[in-house]
Asks: 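Just passing along the structure, written as structure tokens.
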There are 2 protein chains.
Amino acid sequence: MTTARPKPRAGAPKSGHNHRACIATALAAAEKLCAARGEQLTALRRRVLELVWAGHKPVGAYQILDILRGDGRSAAPPTVYRALDFLLAQGLVHRVESLNAFIGCPHPGETHATQFLICSRCGTAVELDDAGIDKAIDGTAARMGFVIAARTVEISGTCAECRGR
Amino acid sequence: MTTARPKPRAGAPKSGHNHRACIATALAAAEKLCAARGEQLTALRRRVLELVWAGHKPVGAYQILDILRGDGRSAAPPTVYRALDFLLAQGLVHRVESLNAFIGCPHPGETHATQFLICSRCGTAVELDDAGIDKAIDGTAARMGFVIAARTVEISGTCAECRGR
DNA sequence: GGAACGGCGTTATAGTATAACATACATGAC
DNA sequence: GTCATGTATGTTATACTATAACGCCGTTCC
Ligand SMILES: [Zn+2]
Ligand SMILES: [Zn+2]
Ligand SMILES: [Zn+2]
Ligand SMILES: [Zn+2]
């Protein structure tokens with residue numbers, strides 16, 4: 001029962017937004033995607049995805065682990081890393097290399113470019129889908145005879161909201 | 001006594017190149033830069049820089065540590081991390097986030113864009129200085145009202161040489 | 001039933017990075 | 001001269017991140 005609303009493809013989350021809706025949308029999309037692929041979004045995996053979506057800030061594996069333990073559930077590092085590996089493989093979350101942390105993908109199942117703007121003041125990371133940046137990278141890589149397998153584009157700085165203050 | 005030769009700003013190192021020259025050039029440039037800035041390129045820092053330049057592959061802090069210990073020198077993790085922190089602050093090395101490793105900068109002291117093409121087959125990382133990529137990122141960040149402080153652009157894939165095989 | 005598989009529990013360990021305190025030495029003030 | 005200061009390094013301990021290896025359990029398929 002998700003409300004129909006346009007997905008922000010590169011919008012910063014409004015500070016006053018209803019984040020429950022973000023979570024609900026993400027979980028519903030994950031259920032749908034896994035069902036379509038014949039993959040099992042188990043209770044554990046679903047819970048980990050929910051925790052990754054706790055906010056719009058990248059979350060560390062051990063933060064997730066602490067919360068799982070708080071749930072009363074038995075959990076150890078492999079518990080959370082295995083769930084994260086699954087979610088990464090399904091494209092439901094991304095890994096933020098420069099923070100050793102994970103964040104939910106706002107448009108899983110769709111082909112998209114992936115860049116992050118990471119605010120070092122408030123911790124928010126916004127996923128961009130900027131084809132122009134990828135294109136610039138493609139061109140240079142091609143000129144070097146380099147075949148791209150994966151891209152990491154993570155820009156840190158100060159977001160508009162924090163700058164306003 | 002460095003040989004005068006053009007610095008490759010974005011060229012992959014030739015497989016048969018004289019790497020001793022790369023190291024010598026890098027060390028000479030570091031000496032010069034530190035002298036100009038009144039910073040101390042101590043024997044330890046110089047040695048760590050030399051080790052980072054052992055090849056054109058990013059090097060892990062604990063690899064460096066092992067070699068330092070092999071030197072007969074007393075060394076612990078802070079030994080190498082402090083040296084690396086200094087070299088990073090001086091712009092003599094870069095950190096490769098996606099590998100948790102470090103690589104020498106081929107043109108320290110010059111303002112430059114920094115992107116890496118990382119071959120997952122041979123491990124070589126080439127530093128690019130592509131203003132076009134940075135420009136694409138600048139434009140998008142500006143549109144989002146985001147003020148950039150640092151950029152991480154790391155592309156992994158297969159280099160031309162490995163692809164040829 | 002039994003083999004094969006996937007998901008998860010559990011224990012141990014590997015790999016990366018920093019905190020905190022001690023020592024050594026150079027420089028400049030007095 | 002010696003005292004205070006600052007910087008580099010030594011040393012010990014610990015925190016943080018990630019994976020290896022083994023075992024259990026439930027489902028599916030024969
Ligand atoms: Zn995404
Ligand atoms: Zn912010
Ligand atoms: Zn550089
Ligand atoms: Zn290669």
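Being a predicted model, the structure only gives us computed values, none of them experimental. Below, each value reflects all heavy atoms present in this structure, side chains not excepted, and no hydrogens, waters or symmetry copies.
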Asks: Between atom CG in A:Leu87 and atom P in C:dG7, what is the gap in whole Å?
Replies: 12 Å

Asks: Is any side-chain nitrogen or oxygen of B:Arg45 closer than 4.0 Å to OP1 or OP2 of D:dT9?
Replies: yes

Asks: The side chain of B:Leu44 lies closest to which of these nucleotides: C:dT11, C:dT16, D:dG10?
Replies: D:dG10

Asks: Can you find a side chain N or O atom of A:Ser74 that sits less than 4.0 Å from OP1 or OP2 on C:dC8?
Replies: no

Asks: Within this structure, what is the CG-to-P distance between A:Leu65 and D:dT17, rounded to whole angstrom?
Replies: 11 Å

Asks: By nearest heavy atom, map B:Asn100 and B:Gln40 onto DNA chain D; which one lands nearer the 5' end?
Replies: B:Gln40

Asks: Rounding to an integer number of Å, can you tell me how far B:Arg82 CZ sits from C:dA20 P?
Replies: 14 Å

Asks: Let me know, please, whether B:Thr79 or A:Phe102 comes out on the 5' side of the other along DNA chain D by nearest nucleotide.
Replies: B:Thr79

Asks: Would you kindly check whether a donor in the side chain of B:Tyr62 faces an acceptor in the base of C:dA17, or vice versa, at under 3.5 angstrom?
Replies: yes

Asks: If we ignore hydrogens and angles and just use 3.5 Å, is the side chain of A:Glu39 paired with the main-chain N or O of A:Gln90 as donor and acceptor?
Replies: no

Asks: Report yes if some heavy atom in the side chain of B:His56 is under 4.5 Å from a heavy atom in the side chain of B:Cys22; otherwise report no.
Replies: yes

Asks: Would you say A:Arg95 places a side-chain N or O within less than 4.0 Å of OP1 or OP2 belonging to D:dA18?
Replies: yes

Asks: Find which nucleotide of DNA chain C each of B:Gln63 and A:Ala75 is nearest to by heavy atoms, and output the residue with the more 5' nucleotide.
Replies: A:Ala75

Asks: Which whole-number value in Å describes the distance from A:Asp85 CG to C:dG6 P?
Replies: 15 Å

Asks: Nearest-Å distance, CG (A:Leu41) to C1' (C:dG6)?
Replies: 15 Å

Asks: Distance criterion of 3.5 Å, no angle test: do you see the side chain of A:Arg73 paired donor-to-acceptor with the base of C:dG9?
Replies: no

Asks: Can you measure B:Tyr81 atom OH to D:dC16 atom C1' for me and round it to whole angstrom units?
Replies: 11 Å

Asks: Under a 3.5 Å distance rule, please check whether B:His19 uses its side chain to pair with a backbone N or O of B:Trp53 as donor and acceptor.
Replies: yes

Asks: If you measure from CD1 on B:Ile118 to SG on B:Cys159, what distance do you get to the nearest 0.5 Å?
Replies: 12.0 Å

Asks: Could you tell me the separation between the CG atom of B:Leu99 and the P atom of C:dA17, rounded to a whole number of Å?
Replies: 11 Å

Asks: Please determine whether a side-chain nitrogen or oxygen atom of A:Thr42 lies at a distance below 4.0 Å from atom OP1 or OP2 of C:dC8.
Replies: yes

Asks: In whole angstrom, what separates A:Gln90's CD from C:dG6's C1'?
Replies: 14 Å

Asks: Would a distance-only check, ignoring hydrogens and angles, find a side-chain to backbone donor-acceptor pair under 3.5 Å from A:Arg47 to A:Asp71?
Replies: no

